[in-house]
Q: 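What follows is a structure written as structure tokens; I'll ask about it next.
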Number of protein chains: 2
Amino acid sequence: MNIREIAKKADVSIATVSRVLNNSENVSSSTREKVLEILKKYEFEMDPWAKRLASKRNVTHVFIMVSRRILRFLDLKGKEFYSVVVNGIQNAANMNRSVTKIVEMETNLDEEKLKGVDGVLLVGGDTTAEHVRFFKKIGMPLVLVDQYIPTVKVDCVVSNGYDGASYAVKYLISQHFKKIVHIHGFLNHFGFKDRYNGYVATMEQNNLLPKDYEYNDEVMEDMKPLMDKMFNIYGVPEAIFASNDSIAMKVIETLMSFHIKVPEDVSVIGFDGIEKGKHFTPSLSTLKVPMHEMGSLALKRLIDIVYNQDVYPVKISLFTEFIKRGSSI
Amino acid sequence: MNIREIAKKADVSIATVSRVLNNSENVSSSTREKVLEILKKYEFEMDPWAKRLASKRNVTHVFIMVSRRILRFLDLKGKEFYSVVVNGIQNAANMNRSVTKIVEMETNLDEEKLKGVDGVLLVGGDTTAEHVRFFKKIGMPLVLVDQYIPTVKVDCVVSNGYDGASYAVKYLISQHFKKIVHIHGFLNHFGFKDRYNGYVATMEQNNLLPKDYEYNDEVMEDMKPLMDKMFNIYGVPEAIFASNDSIAMKVIETLMSFHIKVPEDVSVIGFDGIEKGKHFTPSLSTLKVPMHEMGSLALKRLIDIVYNQDVYPVKISLFTEFIKRGSSI
DNA sequence: TTTCTTTTTGTAACCGCTTACATAATAACA
DNA sequence: TGTTATTATGTAAGCGGTTACAAAAAGAAA
């Protein structure tokens with residue numbers, strides 16, 4: 001059953017059926033009724049791929065919105081986390097006749113600026129429930145990237161931090177470590193919280209005492225005071241699992257400044273798998289999240305929403321992959 | 001850049017390009033080389049939608065595999081959980097020129113039986129890591145439905161039990177309840193575990209003592225002993241959050257046999273949103289999971305994998321919706 | 001009633017790919 | 001070398017929609 005058959009049954013042209021299907025203006029109410037009836041009678045559902053293919057002539061306009069904080073560090077040619085993610089988005093956009101524009105995610109959002117925009121990707125951990133509510137209110141298709149807000153039902157693409165962290169901890173335990181510390185960023189960022197939860201749960205499941213320290217990775221200030229505190233209260237750990245690669249590298253630098261050797265004295269594992277960690281000394285063990293894929297999945301999901309009006313939002317989480325390198329045993 | 005342009009550059013017909021792209025046999029190695037070169041030069045990627053549309057003539061064969069336990073209760077016209085899920089699969093299959101076949105998920109799997117099968121959906125909480133490994137080994141595209149196995153990286157579609165449970169608990173707390181008990185099925189089923197985790201975490205976050213009882217929902221034996229135990233040790237709770245609707249209804253029946261009124265004395269909330277709960281007395285408050293959507297999402301994901309060879313597996317979780325009915329205040 | 005607008009409908013080309021079938025080139029054989 | 005079998009390539013018709021444009025119908029104005 002396709003649009004042509006429907007057209008025949010309703011005794012109109014396929015163009016008219018298409019118009020009805022797309023709520024186009026220029027259809028008389030009588031024919032609309034007639035077509036709608038046939039449509040209902042045969043429970044017609046449109047082939048989404050045909051639709052997509054045919055409507056490829058119109059490009060989809062999508063805004064990639066990032067917070068000022070991230071925007072400042074966004075180098076589209078670089079290999080940093082969000083650079084790669086945005087690259088993934090743009091790549092997928094290419095394949096989907098979509099044009100993207102990178103826009104700062106402001107606090108006072110303005111409907112005017114969204115004229116002609118078909119969908120929005122909110123990238124990064126700074127996205128708030130307020131943002132989401134704004135876009136939902138105006139009915140703008142929306143996907144969060146690398147952020148999840150449990151209290152708001154909205155599509156999102158994230159990495160599976162919980163299981164990644166869990167894997168890291170289990171790995172360290174398998175190396176006979178017991179004193180495993182977690183150093184993390186602000187826990188109001190979902191990504192960090194998720195990894196933290198995975199760390200804590202896995203430690204507890206193995207009857208080990210979780211011990212964590214929070215480090216403000218945005219300002220990248222000196223980590224020595226934190227380490228001092230840790231050494232005094234907790235002693236020197238056998239292994240450190242960090243929230244992300246930047247923190248992990250900072251950890252290693254700081255340990256070295258205390259003349260503690262990595263990985264001989266302490267094993268360090270990061271998270272994200274950014275390029276920089278590969279060339280760091282010692283090269284960084286990490287949980288690699290498929291950043292590029294994260295971006296492209298988000299764009300594809302957005303397109304799905306824009307074109308198929310998928311009603312049920314989903315949370316898509318990407319598996320991470322453990323990469324053992326020089327910073328850990 | 002499309003197949004026609006490539007054809008022009010390589011000075012061959014589009015059919016030939018298509019053949020190269022699909023590793024078809026009948027292409028001389030010289031032309032294949034030539035085309036491959038152009039393809040690489042222009043970094044050509046095929047439009048997946050066009051491909052799908054054009055190859056609609058070949059149907060995709062998918063096996064819907066369910067455990068014997070579930071198969072026994074599977075009534076395709078019914079409204080039970082897995083019936084609706086399978087319905088969702090079949091519906092989506094219709095839209096995707098796929099033919100499905102329901103097959104029992106055996107323990108001793110046989111490669112022979114999978115001749116001509118393009119992909120497999122493993123439905124239900126009985127799917128094990130062994131099953132998954134078998135299919136991965138033979139390179140069979142695979143999606144788990146309503147099951148997640150953290151230790152194996154494989155695509156899956158599940159409901160977000162954690163946040164659903166969390167929502168339920170928060171709701172009950174907002175009604176000024178403090179003594180909130182959780183009655184759940186076997187926790188080696190991911191779905192139950194996930195909901196359990198959400199319950200425990202949310203109770204603790206609100207400084208309430210989590211209290212849970214396990215009930216074997218498969219045999220549906222008498223729940224009175226369990227209740228007796230609960231009343232003796234814990235007293236009568238103010239609210240009970242159950243792992244799923246079946247258990248919730250069993251709970252209500254049992255409470256009634258103790259002359260405890262629902263919802264006046266105890267509020268009860270289930271999970272799943274099966275049809276039966278709507279017509280139960282009192283009608284069941286529940287967290288509705290979009291079962292139909294779960295099925296169709298799984299099929300669509302499978303098709304994506306079969307046709308686009310998506311390499312990174314993802315976990316897709318569906319949001320649940322709280323439906324307040326008569327069994328809770 | 002005629003003419004000019006405006007609205008409604010239909011026709012046909014196109015989206016980017018696959019593939020049945022026809023044709024050309026090559027290989028095999030007598 | 002001529003004939004036939006085999007393999008390589010091309011042509012063109014779809015797949016199921018959208019939409020520019022043309023044509024017809026309906027309304028408004030003269």
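Each chain gets a letter, A, B and so on, in the order the sequences are listed, and its residues count up from 1.
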Q: side-chain contact (heavy atoms from CB on, under 4.5 Å) for A:Met105 and A:Leu122? Distances and angles first, verdict last.
A: CA-CA 8 Å; A:Met105 194 192 316; A:Leu122 298 179; 4.3 Å; yes
Q: Measure from CG on A:Asn94 to P on C:dG16 and round the result to the nearest Å.
A: 13 Å
Q: Would you call A:Glu37 and A:Lys34 a salt bridge, using N to O less than 4.0 angstrom?
A: no
Q: Please state how far atom CD in A:Glu5 lies from atom C1' in D:dG17, giving the value in whole angstrom units.
A: 14 Å
Q: Any side-chain N or O of B:Ser28 below 4.0 angstrom from OP1/OP2 of D:dT9?
A: yes
Q: Report yes if a side-chain nitrogen or oxygen of A:Lys51 is closer than 4.0 Å to either non-bridging phosphate oxygen (OP1 or OP2) of D:dG16; otherwise report no.
A: no
Q: Would you kindly check whether a donor in the side chain of A:Arg4 faces an acceptor in the base of D:dG17, or vice versa, at under 3.5 angstrom?
A: yes
Q: Have a look at B:Asn26 and say if it touches a base, only the backbone sugar-phosphate, or nothing, with a 4.0 Å heavy-atom cut-off.
A: base
Q: Please give, in whole Å, the distance from D:dT9 C1' to B:Glu25 CD?
A: 16 Å
Q: Donor-acceptor pair, distance only, cut-off 3.5 Å: does the side chain of B:Asp118 make one with the backbone of B:His61?
A: yes
Q: Rounded to whole angstroms, how far apart are CG on B:Asn2 and C1' on C:dC14?
A: 12 Å
Q: Could you report the tightest heavy-atom contact between B:Ile149 and B:Thr127, atom names first, then the distance?
A: CD1-O, 3.8 Å
Q: Less than 4.5 Å apart, any side-chain heavy atom of B:Leu114 and any of B:Phe135?
A: yes
Q: A:Ala50 side chain: which of D:dG16, C:dT18, D:dT9 is closest?
A: D:dG16
Q: Would you say C:dT9 has OP1 or OP2 under 4.0 Å from some side-chain N or O of A:Thr31?
A: yes
Q: Quick one: closest heavy-atom pair of A:Ala129 and A:Val152, and the distance?
A: CB-CG2, 3.7 Å
Q: For the CG atom of A:Asn2 and the CD1 atom of A:Ile14, what is their distance to the nearest 0.5 Å?
A: 9.0 Å
Q: Given atom CG of A:Leu53 and atom P of D:dG16, what is their separation to the nearest angstrom?
A: 12 Å
Q: Rounded to the nearest Å, what distance is computed from the NZ atom of residue B:Lys8 to the P atom of nucleotide D:dG10?
A: 14 Å
Q: Quick check on contacts: within residues 10-21 of chain B, what sits under 4.0 Å from DNA chain D by heavy-atom distance?
A: B:Val12, B:Ser13, B:Ile14, B:Ala15, B:Thr16, B:Arg19
Q: Rounded off to whole Å, could you give me the CH2-to-C1' distance for the B:Trp49 and C:dT18 pair?
A: 18 Å
Q: Would you say A:Asn22 reaches D:dT18's phosphate, i.e. side-chain N/O to OP1/OP2 under 4.0 Å?
A: yes
Q: Could you tell me the separation between the CD1 atom of B:Ile3 and the P atom of C:dC15, rounded to a whole number of Å?
A: 14 Å
